[in-house]
Protein chains: 2
Amino acid sequence: MKKILVLGAGLSASSLIRYLLQNADKEDWHIVVVDQNIELIKSKIGDNNRAEAKIFNALDSDVRKKEMTDINLVISMLPAKYHVEVAKDCIALKKDLITPSYVSSEMEALHSEAENAGVLIMNEIGVDPGIDHMSAMKVLDKINGLGGKMHIFESFTGGLVAPESDDNPWNYKFTWNPRNVVLAGQGGAAQFIQEGKYKYIPYTKLFRRTEIIDIEGYGAFEGYANRNSLSYRKTYGLEDIPTIYRGTLRRKGFSRAWDVFVQLGATDDSYIMEGSEEMTYRDFINSFLPYNENDSVELKLRHYLKIDLDDNLWDKLVWLGIFDAKKKVGLKNATPAQILQKILEEKWSLSPNDKDMIVMYHKFVYQKDGEFHELVSQMVNIGENQTYTSMSNTVGIPVGICAKLILQNKVSLKGVHVPIKKEVYTPILEELEQHDIVFKEKEIHPPRLYNEEATWR
Amino acid sequence: MKKILVLGAGLSASSLIRYLLQNADKEDWHIVVVDQNIELIKSKIGDNNRAEAKIFNALDSDVRKKEMTDINLVISMLPAKYHVEVAKDCIALKKDLITPSYVSSEMEALHSEAENAGVLIMNEIGVDPGIDHMSAMKVLDKINGLGGKMHIFESFTGGLVAPESDDNPWNYKFTWNPRNVVLAGQGGAAQFIQEGKYKYIPYTKLFRRTEIIDIEGYGAFEGYANRNSLSYRKTYGLEDIPTIYRGTLRRKGFSRAWDVFVQLGATDDSYIMEGSEEMTYRDFINSFLPYNENDSVELKLRHYLKIDLDDNLWDKLVWLGIFDAKKKVGLKNATPAQILQKILEEKWSLSPNDKDMIVMYHKFVYQKDGEFHELVSQMVNIGENQTYTSMSNTVGIPVGICAKLILQNKVSLKGVHVPIKKEVYTPILEELEQHDIVFKEKEIHPPRLYNEEATWR
């Protein structure tokens with residue numbers, strides 16, 4: 001029997017724990033789930049005799065290490081900042097570790113130490129990061145195998161509301177951390193390269209430089225640039241590619257309307273607004289507008305941001321209730337971003353029967369024998385309910401499959417890794433298809449190039 | 001004989017040292033000037049037998065304290081971050097101290113300690129901060145004396161090029177730290193209050209929400225909001241004022257053109273641009289524009305920022321040489337802000353015979369006996385040359401006069417202060433007039449109110 005230690009039983013661990021329990025008999029696993037909240041663990045493991053709840057502070061290294069001695073594999077579903085501490089324990093005790101989070105520089109620094117200890121620390125194996133790496137590398141390795149040379153790589157992911165639950169003019173609801181959505185794009189320019197030219201988009205233009213993307217069967221989306229696309233050249237072995245661009249998907253029309261809040265300064269999280277508790281929603285918007293004794297907040301906003309009378313982004317703003325002169329913010333010492341989040345949460349929260357959706361889209365243009373070719377790969381996954389959401393499934397199931405591969409000794413890697421190797425992504429992508437996480441690949445004729453002359457180079 | 005210790009002999013100390021030497025015989029002063037650069041000191045004190053050069057590291061507390069034992073007054077012209085250390089020594093040795101810089105929270109925390117030691121630490125006694133406080137408080141105390149109640153206080157200061165040296169389409173040259181000009185307004189929303197409404201302007205709108213100000217005899221200027229106007233309510237004893245606004249002056253038309261760089265993201269100092277050394281000025285601008293194989297950088301920029309063909313801000317951009325396809329940036333690992341600064345320095349630097357100018361403008365609207373009244377107070381000072389600039393004079397001379405008042409025992413204050421008390425500002429403002437730093441006050445009829453209905457309240 002093999003023992004798996006799962007640290008953290010929060011929202012993102014639901015689908016992982018279910019997957020582990022479903023495979024526990026066949027694989028002869030014993031699963032130890034750790035959290036400080038017993039109710040939370042119980043709700044996920046039920047009375048399954050393959051699972052065991054342990055209540056201790058997973059952030060306490062002394063306790064944690066004691067509990068790790070007879071474990072075969074550790075899975076950390078803790079907040080990302082704690083992974084490095086867990087990884088150090090794993091190296092000391094020679095236990096393999098899986099985390100769904102980005103490899104921090106501190107984690108990367110553990111590579112040689114982990115390798116020397118014969119320990120695998122697999123990261124970025126959920127959704128963005130995770131499934132995006134695997135599905136992209138599958139096509140990139142295929143193109144490489146054909147002798148093709150990559151010219152354009154674009155990759156977009158979005159966490160959205162499912163079409164059957166999409167009933168508001170923004171075509172958007174919060175399906176994950178609302179704070180991250182409000183702050184998205186802040187903290188530095190978006191950086192990418194396009195036809196060999198480095199490009200930088202500041203926050204103030206980010207939501208106005210979107211790209212329209214059609215997802216077969218699902219209609220039009222738009223993508224805005226992620227902060228750093230350039231580092232993925234190294235991750236994906238595309239050092240010389242002329243165009244690489246990674247972005248976030250929203251439904252078409254979202255970004256233009258969202259930009260109203262960006263331009264107002266309503267997404268700013270750096271200062272506290274005077275009298276935020278007693279402020280009405282209307283006061284909140286008015287505080288970003290020039291003073292004028294005669295004009296309404298509505299007129300001042302239209303004039304300030306040049307919003308035409310017949311522009312349908314106006315309907316989105318009105319629907320949010322931002323002009324309400326009675327409703328009070330009710331948050332003490334709040335930043336603009338915190339107030340905006342509160343206003344949005346009243347409107348963008350999922351109803352009990354709503355489902356979420358993860359959409360992923362890759363575009364590959366490559367050159368072979370003097371000709372350009374284009375492939376696209378798309379994946380759309382709809383959540384089951386509000387426990388087994390698409391976000392939870394697309395994070396938890398690949399983590400679970402990876403756990404199985406490691407315990408079956410099918411992964412030969414040691415050190416700190418992300419899932420870009422064939423031995424990892426092939427079995428995971430194959431099994432994901434059984435869970436309705438399926439990438440459809442398609443050739444596009446003629447290939448869509450940014451620079452037509454590139455055809456003749 | 002009284003001994004004055006001047007720490008630092010840099011650009012901003014020129015006028016101060018000249019003032020001290022001019023008064024040294026009459027006041028029986030001995031002036032010790034400390035710097036690490038002997039040439040710099042010699043260039044300022046010449047062979048005046050009232051002055052003495054000392055070469056030591058003024059940042060080394062042990063050395064500094066030894067040199068302070070027989071001193072009557074310390075003046076710190078060091079970079080602002082060192083003032084607190086100097087202040088601690090002054091308290092320990094019971095020496096009064098003057099600095100022209102803003103009171104940091106660390107400095108403020110020394111108030112009781114200084115007071116108990118019977119030491120005066122006078123700060124913010126140059127120009128913005130300094131002369132602005134004094135000239136504003138003079139009028140505010142007068143209005144208070146008349147029984148008036150303040151309704152609007154606006155205050156603007158600008159460091160600009162003098163009209164006789166103003167020969168470029170921006171009507172602007174660097175007269176002080178260029179880096180601060182490039183980064184101006186970043187790091188948080190501008191905050192103020194207008195007719196009782198709190199207002200917040202994000203960086204992306206800061207240069208589009210200017211106020212036009214006519215300075216008698218000098219034409220039209222414009223002011224953009226400083227970061228924090230609200231804290232001045234406490235400084236000036238205006239806790240309940242409905243409108244308080246502090247800003248920075250530029251010549252009319254500057255801000256609209258500057259906003260092009262803000263919108264592009266060219267003032268960003270948070271990331272390094274790839275290949276900055278070999279990049280041309282044209283490449284620099286192009287890196288912020290959407291890729292398009294057919295359009296020129298000029299057309300892309302016009303289209304992106306909606307700049308009409310006949311808009312004269314275009315002339316400003318062309319004049320800067322930003323479209324030059326041959327000139328290289330030549331800076332390794334540079335941020336956008338560093339590159340922009342370099343481009344601007346080639347065009348906005350003062351020529352050897354150019355003069356600078358400090359402009360200050362206060363607007364006061366107050367209520368008395370049910371009527372509104374308006375006063376404005378303006379000051380324009382032109383530099384003598386590139387050593388005794390207006391910036392140097394307006395910083396150094398008030399510091400020098402304050403030194404004289406302290407050594408004549410005419411200031412009774414103890415503790416950490418800024419010059420808002422009559423006993424300080426009255427003699428300083430009076431003597432400043434002999435140095436051509438003169439405030440002209442004027443009544444305005446009818447008073448200019450933001451809200452006409454306020455007249456009937």
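The sequence lines fix the lettering, A, B, ..., with proteins before strands; numbering per chain opens at 1. If you're wondering where the values come from, they're calculated on a predicted model, not measured in any experiment.
Identified by a heavy-atom distance below 4.5 Å to chain B, the contributing residues of residues 185-194 of chain A are A/G188, A/A189, A/Q191, A/Q194, in residue-number order. The contact list for residues 270-289 of chain B toward chain A, using heavy atoms and a distance under 4.5 Å, reads B/S270, B/Y271, B/M273, B/E274, B/N286, B/S287, B/F288, B/L289 by residue number. Residues of residues 295-306 of chain B that come within less than 4.5 angstrom of chain A, heavy atom to heavy atom, are B/K300, B/Y304, B/L305 in numerical order.
For B/Y232, the ring-ring contact (aromatic ring centres under 6.0 Å, His included) criterion is met by B/Y236, not counting sequence neighbours.
When heavy atoms are compared at a cutoff of 4.5 Å, A/K199 approaches chain B by way of both its backbone and its side chain.
Nearest heavy atoms, B/P202 versus A/Q263: CG-O, 3.5 Å. Of all heavy-atom pairs spanning A/T204 and B/V262, the tightest one is CG2-O, 4.3 Å.
Under the 4.5 Å side-chain criterion, counting only non-hydrogen atoms from C-beta, B/E293 is not in contact with A/Y450.
Taking a 6.0 Å sphere around NZ of A/K342, one finds it holds more than 12 heavy atoms contributed by other residues, nucleotides or ligands.
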